[in-house]
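Accompanying notes for the structure given below.
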Amino acid sequence: MSGHILAIDQGTTSTRAIVFGPDRAVAGTGQQEFPQHYPHPGWVEHDPADLWRTTVETVKAALAAARVEVDEIAAIGITNQRETTLVWDKATGTPVYPAIVWQDRRTAELCDRLKAEGAEPAFSAKTGLLLDPYFSGTKIAWILEHVDGARARAEAGELAFGTVDSWLIWNLTGGRVHATDATNAARTLVYDIRTGDWDDELLKLLGIPRAMLPEVKDCAADFGATDPALFGRPIPIFGVAGDQQAATVGQACFEPGMLKSTYGTGCFAVLNTGDAFVTSNNRLLTTIAYRLDGRTTYALEGSIFVAGAAVQWLRDGLKLIDKADSTGAMAAAADPEQDVYLVPAFTGLGAPWWDPDARAAIFGMTRNTGPNEFARAALEAVCYQTADLVDAMHGDWASGDAGGETILRVDGGMVASDWTMQRLADILDAPVDRPVIRETTALGAAWLAGRQAGLWPDEAGFAASWRRDRRFEPDLGDEARRRKLAGWRDAVARTRVR
Ligand SMILES: Nc1ncnc2c1ncn2[C@@H]1O[C@H](COP(=O)(O)OP(=O)(O)O)[C@@H](O)[C@H]1O
Ligand SMILES: O=P(O)(O)OC[C@H](O)CO
């Protein structure tokens, strides 16, 4: 056996598998998009079979691209879109309903009802989250309520709940292992991140039987081995983390005060707060950054639902562009005299507003507004939203705690756009560091698996190998920055409904 590690990154719009060589460089990749289903306004579903099929197919493609045999893979690390909720039959492995995706807003009313009953403080104190449809708990409750017979079967111990990691582990192990890791559990709204256990009071409030829940393990742990029938021989699954947490470790943000932001479909900024469970006064989430050797490292997180998805909307919805990477040149060519703002609340607004009923809007258009201004507005929206998050973080976590100025480590599909990264530095008025390895999420999952396998270095050794591709320095006058931010905040205020 040689020391390759296979990372599976099951994301919102595509599944990726990446083989990392013993030198920790990318040896081969496989990637597949899969269909998104929008059965009603505000609803978003995935077919669980698509998540599984694309996983198997991309693993095979990555192995072929890397020209490695299965017996050269020492371990698998899994990372995944978080909160997306699946419920399946333990005997047959058949899902009782499609996967309800994290972006889905169908449980907004249930969240409102629970808030009106005064339940939110109990959820926040234990889980670090808010009562928002984003998280898994109300999605599980919805399935139990709306799928014929589901509640009785769940109570009889016949049904399993899982986030996408659990669904993949279940299938990879041939239905032998029902497990998750602490970071994914932390997104369910029923896991107490202080005690590290499912919480009976919260389960009762949502009517979720404990028997449905997976076993919760550290991020680097033994999650079982793949069924030999799948890839020809068993491969141990040694690492699991939600994609934003995997990106946090992939960016080597191991020190309190270190901050990363990932720009994929959505944007997620995660600030390591060490051993401290920091309660936000600015409606950020408190969550688990990672749990290693039984020790929990906490984080503050700002979650924005639409980042690259706005670019996809320009491409697929408006058909203004053919390819995502056209937007940079268009933004650069946009009329500097026009202040056009897109508030991309297609599925409500996430942190720090948490307004599930807000819907997207464009402000400031004139007769001269065209595709270039739309492209710039879509890219700038990501920068403004990051600024809102970083501001909120500064309110909760004094920058002195971080030992100096804010430096943002970035990754995800959108960071390919130099224009966006420069504008991000300009709007934040802080340096933005882009790493050499942009597959940071997969790298983080690989590190967890490689650490558990004893093949990859510990935190310090791994952090020392982090390499910067480029630093974007802020280069926009204070006045212009303030004017733009004021225009953005005015646009957000006009979009909010709560
Ligand atoms: N050069 C680019 N400029 C702007 N947006 C981009 C660019 N390249 C990719 N994107 C956007 O990044 C997203 C893909 O990022 P990725 O990290 O693969 O997402 P996910 O993991 O959420 O599926 C898409 O929404 C796409 O529109
Ligand atoms: O699939 P991504 O990269 O957009 O990430 C989704 C997040 O995990 C949702 O919380």
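When a ligand or atom number is given, it counts from 1 through the structure's own listing order.
- Of all the heavy atoms of D243, the ones lying under 4.0 Å from any atom of ligand 2 belong exclusively to the side chain.
- From the protein, the heavy atom lying nearest to atom 11 (C) of ligand 1 is M414 CG, 3.7 Å.
- Relative to the six-membered ring of F277, R194 meets both conditions, a distance below 6.0 Å and an angle of at most 45° to the axis.
- Which parts of ligand 1 touch A309 is read off a 4.0 Å heavy-atom cut-off, strictly below it: atoms 25 (O).
- Listed by number with element, the atoms of ligand 1 under 4.0 Å from a non-hydrogen atom of S417 are 3 (N).
- The protein heavy-atom contact nearest to atom 19 (O) of ligand 1 is G264 CA, 3.5 Å.
- With salt bridges taken as basic N to acidic carboxylate O contacts below 4.0 Å, one links D218 and R291.
- Salt-bridge check for R471 with D433: passed, with a basic side-chain N closer than 4.0 Å to an acidic carboxylate O.
- In this structure, the side chain to side chain donor-acceptor pair (under 3.5 Å) partners of T12, at least two apart in sequence or on a different chain, are W102.
- Shown in contact with Y134 at under 4.0 Å from a heavy atom are these atoms of ligand 2, numbered in order with element: 9 (C), 10 (O).
- One finds the OG1 atom of T248 at 9.5 Å from the CZ atom of F254 (value rounded to the nearest 0.5 Å).
- At the top of the distance list for atom 9 (C) of ligand 2, counting protein heavy atoms only, stands E83 OE1, 3.3 Å.
- Here is the list of ligand 1 atoms found below 4.0 Å of a heavy atom in V311: 5 (N), 27 (O).
- Listed by atom number, the atoms of ligand 2 under 4.0 Å from Q81 heavy atoms are 1 (O), 8 (O).
- Salt bridge absent: D426 and K484 never bring a charged side-chain N and a carboxylate O closer than 4.0 Å.
- At a heavy-atom cutoff of 4.0 Å, ligand 2 is contacted by the side chain of Q244 but not by its backbone.
- Closest to atom 17 (O) of ligand 1 among all protein heavy atoms lies G413 N, 2.9 Å.
- Ion pairing between a basic and an acidic side chain is recognised when a charged N comes within 4.0 Å of a carboxylate O; K115 and D132 show no such pairing.
- Checking each of R187, E301, R82 against T287 for a side chain to side chain donor-acceptor pair (under 3.5 Å) leaves exactly one that passes, namely R187.
- Within ligand 2, counting atoms from 1 as listed, the ones closer than 4.0 Å to a heavy atom of G266 are 4 (O).
- Polar contact with ligand 2: present for R82 (N/O pair, distance under 3.5 Å).
- Of all protein heavy atoms, the one lying nearest to atom 22 (O) of ligand 1 is T265 OG1, 2.6 Å.
- Residue G308 places at least one N or O, backbone or side chain, under 3.5 Å from an N or O of ligand 1.
- Under 4.0 Å from ligand 1, the heavy atoms of R16 that appear belong solely to its side chain.
- Nearest non-hydrogen protein atom to atom 1 (O) of ligand 2 is T12 OG1, 2.5 Å.
- Taking every non-hydrogen atom of G11 and a distance limit under 4.0 Å, the qualifying atoms of ligand 2 come out as 1 (O).
- Side-chain atoms of T296 and Y298 include no donor-acceptor pair closer than 3.5 Å.
- In this structure, E120 contributes its side chain and L130 its backbone to no donor-acceptor pair below 3.5 Å.
- The side-chain tip of R53 does not point at the ring of F34 from less than 6.0 angstrom away and within 45° of straight on.
- Which parts of ligand 1 touch T13 is read off a 4.0 Å heavy-atom cut-off, strictly below it: atoms 20 (P), 23 (O).
- Comparing heavy-atom distances from atom 7 (C) of ligand 1 across C267, A310, S326, A324 singles out A324 as nearest.
- Side-chain polar atoms of T15 and Q10 form a donor-acceptor pair below 3.5 angstrom.
- Only side-chain heavy atoms of T327 come within less than 4.0 Å of ligand 1; its backbone N, CA, C and O stay farther off.
- Taking 4.0 Å as the cut-off between side-chain N and carboxylate O, R434 and D418 count as a salt-bridged pair.
- Closest to atom 24 (C) of ligand 1 among all protein heavy atoms lies Q312 NE2, 3.8 Å.
- Of the options D9, N184, D243, a side chain to side chain donor-acceptor pair (under 3.5 Å) to N80 is made by N184 and by none of the others.
- At under 3.5 Å, not a single nitrogen or oxygen of A416, backbone or side chain, sits near a nitrogen or oxygen of ligand 1.
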